[in-house]
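Read through the structure below, which is laid out as structure tokens, and then see the notes.
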Amino acid sequence: MRKAFTLIELLVVIAIIAILAAILFPVFAQAKLSAKKTKSLSNVKQIATSAVMYATDNDDFTQSIWGNPDPSQCNQSLKLWQGCSNEWWIPLFPYFKTIDLIYSDERKDPDTSWVRNGIFGAKYLSAYGYNWGPWGWRGGGMLGPQTYPGVGNYNSGKPMTSIVNSASTFMFGDTYDTPRATIGIGFSTDSFGTFTRNSQLRYGGSFNYAFTDGHAKAMKVRSGIFKGVWNNRFIMPSNVAAFGASYCADPDEILVPEPTGGSKLNSDPQAPAMACGLYAKWVSDLTVSACNGSDPNQHCTFGE
């Protein structure tokens with residue numbers, strides 16, 4: 001006669017399954033996150049390769065950025081989009097050809113722009129930002145300072161040969177910035193301003209960055225509260241000594257404040273004119289204290 005399991009045996013089996021699940025589920029979650037991060041690293045590396053190809057075909061200059069809320073001002077040239085609120089990837093699109101390259105599994109903010117969505121088919125905002133420089137519209141990275149030529153505003157690209165150290169200069173990286181996305185210290189939290197710990201950031205606080213020589217790597221970032229920037233929060237590499245100057249084509253270039261008015265980054269304290277390579281250290285020196293809550297009037301750094 002066949003024996004049935006006893007209640008004790010069933011409970012033991014259930015307990016074993018529960019223990020195994022508790023052990024394995026975090027492993028599966030970590031593996032899934034690692035796969036997403038690897039995919040994102042590949043994306044940002046391919047984007048950087050496309051940008052280098054673009055510069056090669058355009059007299060060595062990186063792509064420029066225009067901004068204008070009036071779509072009637074757009075010159076519908078797929079090469080320039082002059083007068084339009086373009087995005088950094090539009091000039092590069094002929095080189096990487098698939099819009100999926102600008103997405104990340106960690107960002108699904110819809111893009112409803114008539115240009116980006118209607119013409120190029122972008123369903124979501126880009127997960128990656130262009131290196132404008134460390135602080136606001138002052139330039140210093142792949143772009144010069146913002147100017148106002150009469151049709152919106154404009155940041156000109158610069159020669160790749162002007163980059164002092166291509167192996168240590170950012171070209172693109174993870175960001176939460178909105179269209180005309182940047183990786184600037186005070187812009188990177190533009191659409192994500194509710195976090196209070198580094199571990200709440202994308203990939204647990206490890207961002208992918210591509211450099212102007214074409215290589216890409218993941219690195220830990222630090223964040224915190226800085227009064228006056230977007231959402232009163234900042235993001236930059238944890239290792240300021242090694243990568244604080246990576247926002248700069250030339251770390252010794254002096255960046256001056258923008259004209260007052262209209263700039264969120266002109267709030268208190270406004271960064272003085274200083275060498276590009278010193279901005280990250282300037283923010284770091286002002287945020288040595290640990291954040292106590294999310295008071296936007298303090299300058300502090302978040303814990304893990």
Side-chain angles (χ1 to χ4, degrees), residues 26 29-30 33 36-37 40 104-111 124-138 170 173-209 218-244 246-247 257-258 260-272 274 278-304:
Q30 290 176 7
L33 182 63
K36 290 179 178 180
K37 184 176 175 181
S40 180
S104 165
D105 292 328
E106 300 297 292
R107 185 176 197 182
K108 296 297 182 183
D109 301 332
D111 191 337
Y124 308 109
L125 295 179
S126 170
Y128 312 109
Y130 192 25
N131 178 15
W132 293 37
W135 199 255
W137 295 273
R138 302 183 187 195
F170 294 144
D174 278 298
T175 191
Y176 296 103
D177 197 11
T178 45
R180 301 203 311 150
T182 79
I183 58 172
I185 296 170
F187 277 120
S188 292
T189 66
D190 196 356
S191 66
F192 185 55
T194 58
F195 64 97
T196 56
R197 300 191 310 276
N198 290 329
S199 58
Q200 293 173 303
L201 297 172
R202 192 177 298 167
Y203 311 121
S206 177
F207 277 19
N208 294 310
Y209 290 96
M219 65 178 67
K220 291 292 291 182
V221 294
R222 58 169 293 206
S223 62
I225 295 175
F226 198 96
K227 179 183 177 182
V229 298
W230 295 103
N231 292 312
N232 295 305
R233 284 162 168 76
F234 70 90
I235 297 175
M236 64 183 182
S238 295
N239 191 340
V240 173
F243 297 104
S246 292
Y247 294 98
E258 303 93 346
T260 57
S263 168
K264 185 76 170 178
L265 296 175
N266 276 321
S267 301
D268 180 35
Q270 180 180 349
M274 69 177 82
L278 296 180
Y279 279 81
K281 184 178 184 302
W282 177 76
V283 173
S284 181
D285 289 346
L286 287 174
T287 56
V288 292
S289 300
C291 293
N292 181 17
S294 56
D295 180 2
N297 294 308
Q298 60 185 324
H299 303 301
C300 58
T301 187
F302 290 140
E304 294 305 312

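Scope of the values below: all heavy atoms of this structure, side chains included, with no hydrogens, waters or symmetry mates.
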Of Y130, W132, Y209, the one forming a ring pair (Phe, Tyr, Trp, His ring centres under 6.0 Å) with F170 is Y209

Heavy-atom distance under 4.5 Å between the side chains of E106 and S40, does that happen here? no

Closer than 4.0 angstrom, basic N to acidic O: yes or no for D174 and R202? yes

Testing T175, T178, T182 one by one against D190 for a side-chain hydrogen bond (donor to acceptor under 3.5 Å, both in side chains), which residue passes? T178

Are N208 and K37 packed together at the side-chain level, in the sense that at least one heavy-atom pair is separated by less than 4.5 angstrom? yes

Picking from I183, L278, I185, what satisfies side-chain contact (heavy atoms from CB on, under 4.5 Å) with P134? I185

Should R222 and F234 be marked as a side chain to side chain contact (heavy atoms under 4.5 Å, CB included) after you check the CA-CA gap, both sets of side-chain angles, and the distance that decides it? CA-CA 8 Å; R222 58 169 293 206; F234 70 90; 3.9 Å; yes

Within 6.0 angstrom of N297 CG, more than 12 heavy atoms from elsewhere: yes

Give me the atom names and distance for the closest heavy-atom approach of P296 to N232. CB-ND2, 3.4 Å

How many angstroms lie between CZ in R197 and CD in E304, if you round to the nearest 0.5 Å? 10.0 Å

Taking all non-hydrogen atoms of both residues, which atom of A290 and which atom of C300 are closest, and how far apart? C-CB, 3.8 Å

Listed by chain and number, what are the side chain to side chain donor-acceptor pair (under 3.5 Å) partners of K281, not counting sequence neighbours? D285

Any chance you could lay out the side chain to side chain donor-acceptor pair (under 3.5 Å) test for S104 and Y128, step after step, and finish with the verdict? CA-CA 8 Å; S104 165; Y128 312 109; 4.7 Å; no

Quick one: closest heavy-atom pair of P179 and L125, and the distance? CG-CD2, 3.7 Å

Determine, using ring centers only, whether Y247 and W282 are less than 6.0 Å apart. no

Residue pair R233 / S294, side-chain donor-acceptor N/O under 3.5 Å: no

Can you spot which of T196, T287, N198 makes a side-chain hydrogen bond (donor to acceptor under 3.5 Å, both in side chains) with S223? N198

Any side-chain heavy-atom pair from R138 and M274 closer than 4.5 angstrom? no

Please check if the side chain of T301 supplies one atom and the backbone of V288 the other of a donor-acceptor pair under 3.5 Å. no

Find the distance between OG (S284) and NE2 (H299) and round it off to the nearest 0.5 Å. 13.5 Å

Might you point out which heavy atoms bring C291 and Q298 nearest each other, and give the distance in Å? CA-OE1, 4.2 Å

Measure from the side-chain N and O atoms of D105 to the backbone N and O of K36, and report whether any donor-acceptor pair falls under 3.5 Å. no

Tell me whether R107 contacts the main-chain N or O of S126 through its side chain, where contact means a donor paired with an acceptor under 3.5 Å. yes

From S191 OG over to W230 CH2, what is the distance, rounded to the nearest 0.5 angstrom? 12.0 Å

With ring-ring contact (aromatic ring centres under 6.0 Å, His included) as the criterion, how do F195 and F302 come out once you've worked through the C-alpha distance, each side chain's angles and the decisive distance to 0.1 Å? CA-CA 9 Å; F195 64 97; F302 290 140; 5.6 Å; yes

OH on Y124 to CG on D111, rounded to 0.5 Å: 11.5 Å

Could you report the tightest heavy-atom contact between S188 and G184, atom names first, then the distance? OG-O, 2.9 Å

Plane angle bin for F226 and W135 - parallel if under 30°, tilted between 30 and 60°, otherwise perpendicular: perpendicular

Any side-chain heavy atom of F207 within less than 4.5 Å of one from L201? yes

